[in-house]
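Working notes for the structure below.
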Amino acid sequence: MTETNYFEKVYYVTCQIPPGRVSTYGAIADYLALGSARMVGWALNNCNINSFTIPAHRVVNRIGELTGRNNFSTPTLMEELLQNEGVEVVDSRVVHFEELFWHPGDHIQPIEIDIKE
DNA sequence: GTGATGACGCAGT
DNA sequence: GACTGCGCCATCA
C-alpha cells in the first residue's frame, strides 16, 4: 500500500458508521488506540479527497459540532449530508447528538460502502 | 534533521 | 462553571 494503514483504519471505522448516526474523533481514536483525536481529523483531512466513499461528515467532535465542515467542498455540505440522512443539524451542531452517537466497535460490520446520490 | 501544523481531548487554573 | 494551555502522533516544508 502506498499509504499507511493508518488511513485505512480510520477509513474502515468511518465507513462503519450507519446512515443517520454520528461518531466522534475521540471515539475513533480510542477504538483504533491512536492516542489522539487529532490523528483522526488529520487522517480524514488526507482522505477527504475520497469524501464520496468516506462518510467523513458523520464524524464530529465530542460535543457534536461539525468542526470539519470547513474542510468540505462547501461549509454547508457536511450539514446537508447529515440532514439528508435524517440527522438534525442546527447551527453546525448535531441535535440529540448523544442519542445519535455511534460508538466504533459497538456494532462493527464488514466494509460495505453504499453511496447514496 | 528540525520545526510547524492538523477536522481534538483532557487537565489544570 | 468557563477558559487556556499542553499533549497525542504523523506528515509536510
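In the text below, chain A, chain B and the rest are named by the order of the sequence lines, each starting its count at 1.
- Sorted by first and then second residue, the side-chain hydrogen bond (donor to acceptor under 3.5 Å, both in side chains) pairs with a member in residues 86-96 of chain A read A/Arg69-A/Ser92; sequence neighbours excluded.
- The A/Arg38 side chain lies nearest to C/dG7 when the options are C/dG7, C/dC9, B/dA7.
- When rounded to the nearest whole Å, the span between CH2 of A/Trp42 and P of C/dC12 equals 7 Å.
- The interatomic distance linking A/Met39 (CE) with C/dG7 (C1') rounds to 11 Å, in whole Å.
- For the pair A/Gln83 (side chain) and A/Val89 (backbone), a donor-acceptor distance under 3.5 Å is present.
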Could you write out each protein N or O paired with an N or O of nucleotides 9-11 of chain B at a distance under 3.5 Å?
unit_1, atom_1, unit_2, atom_2, d
B/dG9, OP1, A/Gly26, N, 3.3
B/dG9, OP1, A/Arg62, N, 3.2
B/dG9, OP2, A/Arg62, N, 3.0

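- Residues A/Glu79 and A/Leu66 have side chains in contact (heavy-atom distance under 4.5 Å, counting atoms from C-beta outward).
- Between the CG atom of A/Leu32 and the P atom of C/dA10 there is a distance of 13 Å, rounded to whole Å.
- Counting to the nearest Å, the C1' atom of B/dG6 and the CD1 atom of A/Ile28 are 16 Å from each other.
- The NZ atom of A/Lys9 sits 13 Å away from the P atom of C/dC9 (whole-angstrom rounding).
- For the atom pair A/Arg62 CZ and A/Phe101 CZ, the distance stands at 11.5 Å (nearest 0.5 Å).
- The shortest heavy-atom contact between A/Gly20 and A/Leu100 is O-CD2, 3.5 Å.
- Between the side chain of A/Gln16 and the backbone N or O of A/Tyr12, at least one donor-acceptor pair lies under 3.5 Å.
- Rounded to whole Å, the distance from CG on A/Asn45 to P on C/dC12 is 11 Å.
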